[in-house]
Amino acid sequence: MAEEENIAEKENTETTRPEFPIGRIKKIMKIDKDINKITSEAMFLVSCSTELFLRFLADNSAKVAVEKKRKTIKLDHIRTAVKRHQPTSDFLLDSLPQPVQSEDRPATDRTRSRPNTEKPLPVGTRRIDDFFSKPAEEGPVQINND
């Protein structure tokens, strides 16, 4: 009986640490000018939610890759997984890069030209890949060892 109580205590005291860097998540959240302060509880929830969402996306993308008899998940598989889940498709599909020519399609599909019909972003929004790219004015950091 005492062993069961010790196991229950260990389970209750065990802390869950998010896998994503809290500082990076806070930086992304601060991009929104309406957000002034972020509590540690909110940061934890956003981090855990992000982790769950990425697992969901990875699992669904892997299922699509298996359906297409592929071992490597490609952008096309992620796009298909996003399209199949309407709530995800509503906010994420426009942010994904356009697919490159795939080997899965017949040659006639690859040679046909398609206009780039990417929707313009609303004023004041940024693409997530812009956040992670280095600004053009930043040069390499030099360290002097004198």
CZ of Arg79 to NZ of Lys74, rounded to nearest 0.5 Å, is 15.5 Å
Do Ser61 side-chain atoms and Leu57 backbone N/O form a donor-acceptor pair below 3.5 Å?
yes
Could you pull out all residues at least two apart from Ser49 that satisfy side-chain hydrogen bond (donor to acceptor under 3.5 Å, both in side chains)?
none
Sub-4.5 Å side-chain heavy-atom contact between Thr88 and Lys83:
no
Partners of Asn36 by side-chain hydrogen bond (donor to acceptor under 3.5 Å, both in side chains), sequence neighbours excluded?
none
Examine Ile73 and Leu54 and state if one hydrophobic cluster contains both, with Ile, Leu, Val, Met, Phe, Trp and Tyr joined whenever side-chain heavy atoms are less than 4.5 Å apart.
yes
Partner residues of Glu19 under the salt bridge (charged side-chain N to carboxylate O under 4.0 Å, His left out) criterion, sequence neighbours left out:
Arg55
Is there a side-chain contact between Ile38 and Lys30, using heavy atoms and a 4.5 Å cut-off?
yes
If you group Ile, Leu, Val, Met, Phe, Trp and Tyr by side-chain heavy-atom gaps below 4.5 Å, do Ile22 and Ile35 land in one group?
yes
Minimal non-hydrogen separation, Thr72 against Ala65, with atom names
O-CB, 4.3 Å
Starting from Phe91, can I reach Ile78 by hopping between I/L/V/M/F/W/Y residues whose side chains sit under 4.5 Å apart?
yes
Smallest separation among heavy atoms of Lys26 and Met43, with atom names
N-CE, 3.3 Å
Joint cluster assignment, Val66 & Leu75, ILVMFWY side-chain distance < 4.5 Å
no
Is there a side-chain contact between Thr39 and Phe44 (heavy atoms, below 4.5 Å)?
no
Quick check: do Arg84 and Val64 have side-chain heavy atoms less than 4.5 Å from each other?
yes
Contact between Gln86 and Asp90 at the side-chain level, heavy atoms closer than 4.5 Å - yes or no?
yes
If you measure from CZ on Phe53 to CG on Leu92, what distance do you get to the nearest 0.5 Å?
5.0 Å
